[in-house]
**Q** 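The structure is given below, and queries will be raised subsequently.
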Amino acid sequence: MAPRIVQIIASVLIGTFVILPLLAVWRQAEGTNSLGPADWSALRFTILQASLSAVLSCVLAVPLARALSRARFFGRDLIIKLLGAPFILPVIVAILGLIAVFGHNGWINLGLKSLGLGGFSIYGLHGILLAHIFFNLPLATRLILLGWETIPKERLRLSQSLAFTPVSRFCLIEWPMLKTVIPSALVVIFVICLSSFTVALALGGGPKSTTLELAIYQAFRFEFDFEKAAILGLMQMCLSLAAAYLALVFALTDQLGIGLDRNIHFGSLPIWQNIVDGVVIMLALMFLGLPLFLVLVNGLSSIASLPLPIWMAALRSVLIALGATALCLLIALSLLSRSGEVLATLGIAVSPLVLGTGLFLMARPFVNPFEISLAVTLLVNTLMALPFAVRILRPEMIQINANFNRLSLALGMSRLGWVRWVVWPRLRRPLGFAAGLTAALSIGDLGVIALFGDAERATLPLKLYQLMGSYRMEQAAGCASLLLLLSFGFFWIFDMWGRRNA
């Protein structure tokens, strides 16, 4: 564990960059006028789209998780691992890929028009839901798949011996498990979609599809109405806290029974089940993989011809990502305790735009906030990734202390020796994974920089959004491919570094 003084310093830093911006927002909210109809409409739409996104993602994830749980084929483990890819995928890149498939000139619309059928628009509520399902379907699938794997294999063997029908097996064995897993998955996805900004910004399509995050951005960036931005931010925070409370309420467990932890061979499944499972898995892979494939195909040839400003924006994104990764890991290593994990969650309990607004209000009396936009972006990216880094590192550190702490004390090992010979070899693998995750999330972030960024301080995601807004789609495709390669490249480099000689 880190020395006490280091934990105190880390706690002070988190408090400074989370609590103080909230206080600044609260002060601006004092005496504010009541919100208008458009603001209440944004609140209703935010709750609607988050609820629908969570429900649809979980409903679609159930057959996919079920197919993966009982299917056995070459590449199954690789597919399960690839389901985590959308989590580190830059949101703006995925949106460009979805437009290539479902947009006005996308594959689906062109196919419908060739058949004499009318096309459809990707913009609006259905476009937002489509993007949220794209990002959250893999997450829901992984969560539900873990639940399926907790069902004792002996129960499945008994149901097979008793010749259960598929309906009986679902009602008596699978449904009790789903009741324990789905509520928490619903709440997690609801919270993620609640703070959706980039998706609503790119696919909202008009005032009727404005979320609270987008309303904060509009009030701050275009109307310069700090009071409205403050009160909307507080509403956003209250919704997040309410959702967190629901997560605690629904975090109930049901005893599914225990088994002998043996792998039991069930024999071959009926042909119709294999066909259904194969179709479900193939449809999911096409839905998740085709947009990324089109982004790479359309943009790889354009990367070399990208103008210098885009390369400079890429350099800024890389520097911000490296800085956020170093700072995040430094703070995370000092918070590997239960209280530290609770403290780290402050980073995602508050909207990034609320933090950005608060930091803007704090800096305004002393400096032009636009001049420190990159530093603010780095700090907010650090706070956003901190809970994930702590959650990755803390379980391993608990095991290290439990297994080797008494032995090291008996041997009189120094703190430097403890770190060099005990902690480092065992913590290197999760450290590399945490570093790769932080770097990938930071490179693809389009949040606070949308508030502060300008032509001289734009990051690569902001440049991509500007290119899409000006309909320069060829350069946008090249920019998206570059962003995708950087995001996955840094994740792969750090993760492989952690695995090597671990």
Side-chain angles (χ1 to χ4, degrees), residues 78-79 81-101 103 131 134-135 138 198-199 202 285-326 328 374 377-378 381 384-385 388 432-447 449-450 453 458-468 472-500:
L78 178 61
I79 290 177
K81 291 180 180 179
L82 290 178
L83 287 176
F87 187 73
I88 63 173
L89 179 69
V91 178
I92 193 67
V93 174
I95 290 173
L96 187 62
L98 291 173
I99 291 175
V101 178
F134 177 84
F135 285 108
T198 307
V199 171
L285 290 178
M286 290 177 61
F287 174 67
L288 298 174
L290 186 57
L292 301 185
F293 175 76
L294 291 181
V295 167
L296 289 176
V297 169
N298 295 335
L300 283 177
S301 60
S302 304
I303 291 180
S305 60
L306 291 175
L308 180 61
I310 294 181
W311 289 103
M312 295 303 299
L315 177 61
R316 295 187 198 101
S317 293
V318 169
L319 294 177
I320 290 174
L322 293 177
T325 301
C328 179
L374 298 181
T377 301
L378 188 152
N381 288 346
M384 294 299 104
F388 302 106
F433 178 70
L437 182 63
T438 303
L441 293 176
S442 181
I443 285 179
D445 179 66
L446 176 62
I449 194 63
T459 59
L460 195 57
L462 183 57
K463 278 291 186 182
L464 174 55
Y465 174 72
Q466 293 171 349
L467 290 173
M468 292 172 61
R472 296 155 64 184
M473 301 310 295
E474 183 177 353
Q475 287 189 350
C479 186
S481 297
L482 177 60
L483 183 56
L484 184 63
L485 293 175
L486 287 175
S487 180
F488 281 99
F490 271 93
F491 177 81
W492 181 81
I493 289 172
F494 281 115
D495 188 46
M496 288 300 297
W497 168 82
R499 293 174 180 274
R500 183 180 181 185

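Start at 1 with the first residue, then count along the sequence. This one's a predicted model, so the numbers in the text were calculated from it and none came from an experiment.
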**Q** When rounded to the nearest 0.5 angstrom, what distance separates OH in Tyr465 from SG in Cys479?
**A** 14.0 Å
**Q** Here's a test for you: under side chain to side chain contact (heavy atoms under 4.5 Å, CB included), which of Phe491, Trp497, Phe494 qualifies with Phe433?
**A** Phe491
**Q** Measure across Ile303 and Trp311 and return the closest heavy-atom pair with its distance rounded to 0.1 Å.
**A** O-CZ2, 3.4 Å
**Q** Atom CG in Asn381, atom CG in Asp445: separation rounded to 0.5 Å?
**A** 4.5 Å
**Q** Restricting to non-hydrogen atoms, name the atom on Ala131 and the atom on Leu98 that form the minimum distance, rounded to 0.1 Å.
**A** CA-CD1, 3.6 Å
**Q** Take Leu486 and Leu460 through the side-chain contact (heavy atoms from CB on, under 4.5 Å) test and state the conclusion after the steps.
**A** CA-CA 10 Å; Leu486 287 175; Leu460 195 57; 3.9 Å; yes
**Q** Side-chain contact test, heavy atoms from C-beta onward, threshold under 4.5 Å: evaluate it for Val318 versus Leu322 and give yes or no.
**A** yes
**Q** Nearest 0.5 angstrom please: Asp495 CG to Phe488 CZ, how far?
**A** 12.5 Å
**Q** Considering non-hydrogen atoms only, spot the tightest contact between Pro291 and Met286 and give its length.
**A** CD-O, 4.0 Å
**Q** Is there a side-chain contact between Gln475 and Pro307, using heavy atoms and a 4.5 Å cut-off?
**A** yes
**Q** Would you say the side chain of Pro90 lies within less than 4.5 Å of the side chain of Pro461, judging by non-hydrogen atoms?
**A** no
**Q** For Leu483, is there any backbone N or O sitting under 3.5 Å from a side-chain donor or acceptor partner on Ser487?
**A** no
**Q** With side chains defined as the heavy atoms from C-beta onward, is the minimum distance between Leu467 and Ile310 less than 4.5 Å?
**A** yes
**Q** Considering all heavy atoms of both residues, which atom of Val295 and which atom of Ala480 are nearest to each other, and what is their separation?
**A** CG1-CB, 3.9 Å
**Q** Atom CG in Leu292, atom CG in Leu296: separation rounded to 0.5 Å?
**A** 7.0 Å
**Q** Say you draw a straight line from CZ of Phe490 to CD1 of Ile443; how long is it, rounded to the nearest 0.5 Å?
**A** 5.0 Å
**Q** Using modelled atom types and a 3.5 Å cut-off, is there a donor and acceptor pairing between side-chain atoms of Ser442 and backbone atoms of Thr438?
**A** no
**Q** Report yes if the side chains of Ile99 and Met468 come closer than 4.5 Å at any heavy-atom pair, otherwise no.
**A** yes
**Q** What's the separation between atom OG1 in Thr459 and atom CG in Leu319, rounded to the nearest 0.5 Å?
**A** 12.0 Å
